[in-house]
Amino acid sequence: MKLICLDAYLLTGIEQAVRDGVDVLSMSLGSGPDQFHRSGIAVASFSAVLKNIVPVACAMNEGPTPSVISNDAPWLLTVGASTTDRRIRATVKVGNMELDGESAYQPSSFNSSEMELVFPGARLVESDLKCQTLNNFNVTGKMVLCMADGISNTVTGERVKAAGGEAMVIINNKKHGFTTIADPHVLPASHISNADAKKIISYIKNNPDPKATIIFKGTQFAASPAPAIAFFSGRGPSLFNGGIIKPDIVAPGVNILAAWPTEFGPNPTGNKTSTFNFDSGTSMATPHIAGIVADLKKNHPDWSPAAIKSAIMTTAYVKDLDGHPIGDEAFMYKPASYFAMGAGHVDPDKANDPGLVYDIQPFDYIPYLCSMYPTHIVKAIVQQRWVDCGTIQRITPAELNYPSIGVTMPIKKGSAFVINRTLTNVGPAEVYDLRIKLPDGVDIRADTQNLSFSSMYEKQSFRLEFTSNGTAQPEQVSEGYLTWSSTNHVVRSPISVTYN
Ligand SMILES: *[C@@H]1O[C@H](CO)[C@@H](O)[C@H](O)[C@H]1NC(C)=O
Ligand SMILES: *[C@@H]1O[C@H](CO)[C@@H](O)[C@H](O)[C@H]1NC(C)=O
Ligand SMILES: *[C@@H]1O[C@H](CO)[C@@H](O)[C@H](O)[C@H]1NC(C)=O
Ligand SMILES: *[C@@H]1O[C@H](CO)[C@@H](O)[C@H](O)[C@H]1NC(C)=O
Ligand SMILES: *[C@@H]1O[C@H](CO)[C@@H](O)[C@H](O)[C@H]1NC(C)=O
Ligand SMILES: *[C@@H]1O[C@H](CO)[C@@H](O)[C@H](O)[C@H]1NC(C)=O
C-alpha cells in the first residue's frame, strides 16, 4: 500500500515522538532520493540524534535500479531487505517439471486438479502480460499466467478471479529475479521466479494443449540460497550523501508475518477483525533492526546512536547459510554488492558485543555537511543557529568516522587519498590486529598493524593511505574490507572505492 504523507506531518509526528521520550524511531517510510534539507525524515532525525534517539529508516523498495535509495543521511541507520530460508510452498506442476513458487493461500481442496493453462501475455503486450484486462481471453475455469506487477500481486489475482479464472501463476520478469512472495491470494496461485517463468513459457510455446496444477506444500525451511537480497531492496550509491555506503545493513524483509488490521484472503467476512498477514518490503526489514536497537540500548544505555549503528554494522555477516557470499536475487544470486547489502546481514547476538565501535558525536556531522552545503542549508538541516561553515574545518564524507568506508579517487597511478578513523573500546582489554582485503586498483597503507586497548571507552586512531596503482577502469567500483581482530572479536568494515 502506498500512502502519501506531507513532510510537515512527518515532522510533527517525529517531533511528538521525541517529546514523548522515545529511544528508537522505526521509520518504514521515505519520500525518495533528495537533498537532506528537503527530507523531513533527515532533518527531524538529526534533531532526534541530538537527543540520543536512534533513527532507523528503510531504504525503500525501488531496487534493483541503482541510486534510487531513500533515507541516505549518515545519521540514519538505513535498512535493506533480505530473504529468510522459509518458503510457503506452492509448486507448479507442468509437464514433467515441478517449479517451486509461493502462496500464502494454501487451499487443500485444490490439491492435484490439473487444468488448462492460458498465457494472455504470449504476444508480449505489457497490459496483457500483467493481466490488466482479460476481456479478450477466455480464462473461464483455467489457470492464468500473469507477470508480477509489484511486491504484492493479490490485485492481479482478484482480476483473474473476477474474469472467471480458476487459478493463477505469477511469473517474475528479469528485474524481479528470484524474489517470490507468499501473498494471501483470492484464488489458488503460485508466484515463481524469472528462471522458472522462462521454463513454463517455453513449455506453453511447445505444447498445443498446455495443462498445469499447483501443489500446496505449506511452510518449508532450509530454502537455499538464503539469506539473499530481495530484488526490490533500495540500492546505492547514494547521489546525495557524498559517497557514504548505503544501505547500512540488511534484515529480513520478505514474507514477514505481520499483525494486520483487517481480514483478507479468498473469503474475507468484511469484519475488521485484526489478524496476521505476510508482508514484504524494506518496511518489514526496518522494525527488525529497530527491535535490535532497542535491545542494544537496554543492554548499553550509554552507547550513542552512532555507536549502536557501528555495533550492528561491524558484526554483520556476509556469507549465506551455505557459506557462500550473500547473493542478490535481482542478479542471478551473484554476490551482492555493498550498495545492495551495506555491511551485510544483521547478527543481533554479535552486535551486543562488538568489542570496538566507530563513534560519532552529533556535531561531528557538521564539518561533513559543511563540505557539501553552504552555511544556511547546514543550519536548516541541523537547526543550530551558531553554525558557520566559514570557520569550521571541513572534512570529506570519507573522513566521517563511519563504520564503513566509501572512497572516490582518481585512477591515475600514484593518486593518494588519506582518511583517519577512531575506534572506541566497548569490550575487555584486548590487542587487535589489522587485516585489509584490498579493493582492485588500489594499495592501502595503514600507519599501524595492531592496536592495544586496556580500558573501557579508550580511544585509538589509525590512518589509511589509499594509493591508486593505475589499473582501474573509469567509473569502476572495487570492493574490499578491513577487519580489526582480537581473540574474541572481529570488527569488520566494508571498503568501496569508486574511480573517477
Ligand atoms: C497436497 O498434496 C501434497 C502431496 O500429495 C501433500 O504433501 C500436501 O500435504 C497436500 N496439501 C494440502 C494442503 O492438502
Ligand atoms: C471458454 O472455455 C471454456 C473451457 O474450455 C468453454 O467451456 C467455454 O465455452 C469457453 N467460452 C467461450 C465464450 O468461448
Ligand atoms: C466477525 O467477528 C466476530 C468476532 O470475531 C464474530 O463473532 C462474527 O461472527 C464475525 N462476523 C462474520 C460475518 O464473520
Ligand atoms: C589524520 O590524523 C592526523 C593525526 O591525527 C592528522 O595530522 C591528519 O591531518 C589527519 N588526516 C586527515 C585527512 O584528516
Ligand atoms: C594493483 O592493485 C591490485 C590490488 O588492489 C593488484 O591485484 C594488482 O596486481 C596491482 N597492479 C599493479 C600493476 O600494481
Ligand atoms: C604490533 O605490530 C608491530 C609491527 O608490526 C609488531 O612488531 C608487534 O609485535 C605487534 N604487537 C602485537 C602485540 O601484536
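Atoms within each ligand, like the ligands themselves, are counted from 1 in listed order.
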Non-hydrogen atom of G480 closer than 4.0 Å to ligand 5: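 Distance cut 4.0 Å: G480 fails for ligand 5.
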Is the closest N or O pair between N138 and ligand 2 shorter than 3.5 Å?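 Yes: some nitrogen or oxygen of N138 is under 3.5 Å from one in ligand 2.
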Looking at [atom], tell me if a protein heavy atom falls under 4.0 Å from it.
atom                    : value
atom 11 (N) of ligand 5 : yes
atom 7 (O) of ligand 2  : no
atom 2 (O) of ligand 5  : yes

Identify the protein heavy atom lying closest to [atom], giving its residue, its atom name and the separation to 0.1 Å.
atom                    : value
atom 13 (C) of ligand 6 : V431 CG1, 3.9 Å
atom 14 (O) of ligand 6 : N450 ND2, 3.3 Å
atom 9 (O) of ligand 5  : N469 ND2, 4.8 Å
atom 4 (C) of ligand 2  : K142 CE, 3.9 Å
atom 5 (O) of ligand 6  : Q449 CB, 3.9 Å

Answer yes if the side chains of [X] and [Y] hold a donor-acceptor pair under 3.5 Å, and no otherwise.
X    : Y    : result
E102 : T180 : yes
H176 : N194 : no
N469 : T471 : yes
D248 : Y402 : yes
D440 : Q476 : no
S461 : T422 : yes
H345 : S82  : yes

- prompt: Is there a donor-acceptor contact under 3.5 Å from the side chain of K246 to the main chain of I69?
  reply: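 Pair absent, no side-chain N/O of K246 close to backbone of I69.
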T471 N/O to ligand 5 N/O under 3.5 Å |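 Checking ligand 5 against T471, no N or O pair falls under 3.5 Å apart.
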message = Test your reading of the structure: does L438 have an N or O sitting under 3.5 Å from an N or O of ligand 5?
response =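 Looking only at distances, the answer is no, because the N/O contact criterion of under 3.5 Å is not met.
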request  = Pick one of side chain, backbone, both or neither for how S478 approaches ligand 5, counting any non-hydrogen atom pair under 4.0 Å.
outcome  =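 None of S478 does.
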*Backbone, side chain, both or neither: what part of D443 comes under 4.0 angstrom of ligand 5, heavy atoms only?*
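The answer is neither.
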Using the ring pair (Phe, Tyr, Trp, His ring centres under 6.0 Å) rule, take F36 and W75 through it: C-alpha gap first, then chi angles, then the decisive distance, then the call. CA-CA 11 Å; F36 299 154; W75 49 89; 5.3 Å; yes
Legend entry - Interfacing atoms of ligand 5 (cut-off 4.0 Å, heavy-atom, P439):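 What qualifies from ligand 5 is 4 (C), 5 (O).
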Worksheet item: Which atoms of ligand 5 have any heavy atom of D440 under 4.0 Å away?
Response: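 Listed by number with element: 5 (O).
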Could you tell me which residues satisfy salt bridge (Lys or Arg N to Asp or Glu O under 4.0 Å) with D443, sequence neighbours excluded, listed by chain and number?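 Residues passing salt bridge (Lys or Arg N to Asp or Glu O under 4.0 Å) with D443: R445.
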